[in-house]
Colleague: 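Mind looking over this structure? Questions follow.
To find a chain, count down the sequence lines: A is the first, B the second, and so on, and within it residues start at 1. The figures here come from the full heavy-atom set of this structure, side chains too, leaving out hydrogens, waters and symmetry mates. This one's a predicted model, so the numbers in the text were calculated from it and none came from an experiment.
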2 protein chains.
Amino acid sequence: MVLEIPMGKRLPIPSTLKDVANSANVSIPIVSRVLSGNPEVRVSADTRQRILKAAKSLSYHPNASARSLKAKRTYTLALFVPDVGNPVIPEIIRGVEAGAQSAGYAAFVSHLDEKAVSEQRYLTWLQEGRFDGLILATARLEDSIVEDLVRSRRPFVLVNRRESSTNMHITVDDAAGARIAINHLVELGHRRIAHLAGPLMFDTSLRRLQGYRQELDAHGIAYDSSLVQEYSWQTWEGGKVAMKRLLQGKKPPTAVFASNFMGAVGALGALKEFGLKIPEDFSLVGLHDSPIAEVIDPPLTVVKMPLHEMGRRAAEILINILEDRPCVIPQVLTPEGLVMRKSTAPCRCLS
Amino acid sequence: MVLEIPMGKRLPIPSTLKDVANSANVSIPIVSRVLSGNPEVRVSADTRQRILKAAKSLSYHPNASARSLKAKRTYTLALFVPDVGNPVIPEIIRGVEAGAQSAGYAAFVSHLDEKAVSEQRYLTWLQEGRFDGLILATARLEDSIVEDLVRSRRPFVLVNRRESSTNMHITVDDAAGARIAINHLVELGHRRIAHLAGPLMFDTSLRRLQGYRQELDAHGIAYDSSLVQEYSWQTWEGGKVAMKRLLQGKKPPTAVFASNFMGAVGALGALKEFGLKIPEDFSLVGLHDSPIAEVIDPPLTVVKMPLHEMGRRAAEILINILEDRPCVIPQVLTPEGLVMRKSTAPCRCLS
DNA sequence: TTGAAAGCGTTACCAG
DNA sequence: CTGGTAACGCTTTCAA
């Protein structure tokens, strides 16, 4: 079955203020004022009726381009995300949308693929005024891009990423998140706790590693660099491979803290391949929650981060800048806490 | 740590054609022609140089609102999706973006939450000309909305959903997908094959059920309505509950075909709870692939649907309409086929 | 209470 | 080759 689109499917010619004015036998400005919805405007009841009727029958809708040309604003925010497939992204998206919507702004999402081409694209769009402000939720981002952004002097907020060239960012407290995970494992009696670290070129990865070391320290456990493996986020395989390397070490760990959700799932696969039973033989804690975490086998214990709030705050900050209102907003958000499921248990070394 | 935004962080005043014209000592129209990038325009090398230099030093960027006001076009498409968290959505998004981008259009995604408020929102935006066309990738959608859409005479395409009031839709061949799944199971020797059906108010669910029955028929297997359970998409729990009901029946099945990815994962949970080993004791086939399918335990055998292509085609159709070009495009896309992993095996009843 | 006029930044159409 | 003028649809003065 094929869909045939014939030519000449004329697009509708939208009606304008002028059309409505003509139809109602009034001038354009009045129509504008009446239809702008401001209840303050003083017009005779009769005129208002005529205008409203005409607008309805012509199914008038104000033209967004004309409006923004005049207002020098689009009341639109754009959110760029690295990978819509990453399970933590939806939460951020929803947060941004909530924040934007409650302030009367629209928020659109665009996907940033690998191609460098697209990296420039959003800067251009921003500079063309297609939207008023930008939220970037991506760890992999060339520094030069951020510098261009700063130089453009357009409003933007970095989400989940810090950058020396600007303080316009909002993040979660990654170190604290890691500490929560490690503390949980230590309390279960684990001593050889491994860490699947994200790419150490990302500051979020670095902070998680830092939290891992801090908490180990706090419990008097010596740091063993052979228990830390770096892996690539973005794929489900990275965590698996890294976990295998960990298990092949001479003194393998009894527990692991994976620095993102995908890594945790990958690690799970590796553990099973090695015939380890979770949580009896081995404990696993992930960072970032996701609906899938509940339904995989075993359901994953994770540290939940305030991703929704982070998104919402990012939108709020941006809008405050746009409306030139001062604001004071916490910039580093506290983890929501541990979500205990079935992937952690007391260390066998205790028995 | 808090982020303080002081007042008076003046937004930059973008430079305009006029600024460039003044700076280069030429008229506005020439600047427009030179900067529009069309290599055909004939200008003296000297003028061109001056203009280019001025534009650069003023970091000029054309104003998108002004352009679209003039052109009556935004060269922007909007894609509305029901739930960014649903693992099949990213693939569609990428398809739409690819299709849009290759035709010089931008594509933005917006998330359609439960609130009825937001259901009207995108229609309004479309009518305001915030974007030229709309792609709707949502099964749950009130009929009245589609009717409003048709009435608005604005271009739109429905993805993965048919609707009597319009032929502007592109779908995958759900029945064929179901047949592939069932055929695979039958070939493995299964005879009591259950089906986890999506909400039967969606035509996609109906077609999958239909394909299930057709293929059973084709193999001379009697249809047993007790082997079909309806469940809710959108949550990970629905499939689990439905699968349990199936397993508690008097003559339980030996295999199941789940009508979406989430349902398959949910079913997996139920099967494990019942102590069934997959695939030795029970076979499971899902519909729609996802990167997670490879990494869960066991890796899921699924029927892969051309979601990316569906998105790309949707964008193509829309753009053809917008540019008033005739086009003929297949409207029902053939499944890409079976992706065999580890969740299906020959029926034990054979041994 | 209403309307005329100007202008937002761009492009298209003519003249020069 | 170049530039003046008009127009896109809307809002905002300012007069009437």
Colleague: Rounded to the nearest 0.5 Å, what separation is found between the CD1 atom of A/Ile89 and the CG atom of A/Leu307?
Modeller: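 Rounded to the nearest 0.5 Å, the CD1-CG separation comes out at 8.5 Å.
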
Colleague: Could you tell me whether B/Trp125 and A/Phe108 have their ring centroids closer than 6.0 angstrom?
Modeller: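 When the ring centroids of B/Trp125 and A/Phe108 are compared, they turn out to be within the sub-6.0 Å range.
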
Colleague: How many angstroms lie between atom CD of A/Gln127 and atom CZ of A/Arg151, to the nearest 0.5 angstrom?
Modeller: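 The distance works out to 10.0 Å.
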
Colleague: Rounded to the nearest angstrom, tell me the gap between atom CD in B/Gln49 and atom C1' in D/dC1.
Modeller: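 Rounding to the nearest Å, CD of B/Gln49 and C1' of D/dC1 are 16 Å apart.
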
Colleague: Pairs under 3.5 angstrom only: tabulate donor-acceptor contacts from the side chains of residues 313-323 of chain B to other protein residues two or more places apart or in another chain.
Modeller:
from     : atom 1 : to       : atom 2 : distance (Å)
B/Arg313 : NH1    : B/Glu309 : OE2    : 3.3
B/Arg313 : NH2    : B/Glu309 : OE2    : 3.0
B/Glu316 : OE2    : B/Arg312 : NH1    : 2.8
B/Asn320 : OD1    : B/Arg325 : NE     : 3.1
B/Asn320 : OD1    : B/Arg325 : NH2    : 3.4
B/Asn320 : ND2    : B/Glu316 : O      : 3.1
B/Glu323 : OE1    : B/Arg325 : NH1    : 3.1
B/Glu323 : OE2    : B/Tyr105 : OH     : 2.7

Colleague: Over how many whole Å does the gap from B/Arg42 atom CZ to D/dG3 atom P extend?
Modeller: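 The distance from CZ of B/Arg42 to P of D/dG3 comes to 16 Å, rounded to the nearest Å.
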
Colleague: Just how far, in rounded Å, is P of D/dG9 from CZ of A/Arg73?
Modeller: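 After rounding, the reported distance stands at 24 Å.
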
Colleague: Treat primed atoms plus P, OP1 and OP2 as sugar-phosphate and everything else as base, then score nucleotides 6-12 of chain C 5' to 3': B for base contact with protein heavy atoms under 4.0 Å, S for sugar-phosphate contact only, - for none.
Modeller: -BBBBBB

Colleague: With respect to the phosphate group of C/dA4, does any side-chain polar atom (N or O) of A/Ser27 fall under 4.0 Å of OP1 or OP2?
Modeller: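 So the side-chain polar atoms of A/Ser27 never come under 4.0 Å of the phosphate oxygens OP1 or OP2 of C/dA4.
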
Colleague: Whether the B/Arg130 and A/Thr76 side chains hold a donor-acceptor pair (N or O, under 3.5 Å, no angle test) is what I'd like checked.
Modeller: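 Short answer, yes.
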
Colleague: Return the angle between end axes of the helix from C/dT1-D/dA16 to C/dG16-D/dC1, with five pairs used per end and rounding to 10°.
Modeller: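 Helix axis angle between the two ends: 50°.
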
Colleague: Will you find, in the side chains of B/His308 and B/Glu91, an N or O donor that is under 3.5 Å from an N or O acceptor?
Modeller: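 No.
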
Colleague: Which part of the nucleic acid, if any, lies within reach of A/Ser68 when heavy atoms closer than 4.0 Å are counted: base, sugar-phosphate only, or nothing?
Modeller: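 Here A/Ser68 touches no strand at all.
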
Colleague: Under 4.0 Å between a Lys/Arg side-chain N and an Asp/Glu carboxylate O for A/Lys72 and A/Asp132?
Modeller: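 Salt bridge flag = no for A/Asp132 with A/Lys72.
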
Colleague: How close or far is atom P of D/dC10 from atom CG of A/Asp19, stated in whole angstroms?
Modeller: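 Spelled out: CG on A/Asp19 to P on D/dC10 is 9 Å.
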
Colleague: Any chance you could measure B/Gln331, atom CD, to B/Met168, atom CE, to the nearest 0.5 Å?
Modeller: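 Nearest 0.5 Å value for the CD-CE distance: 8.0 Å.
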
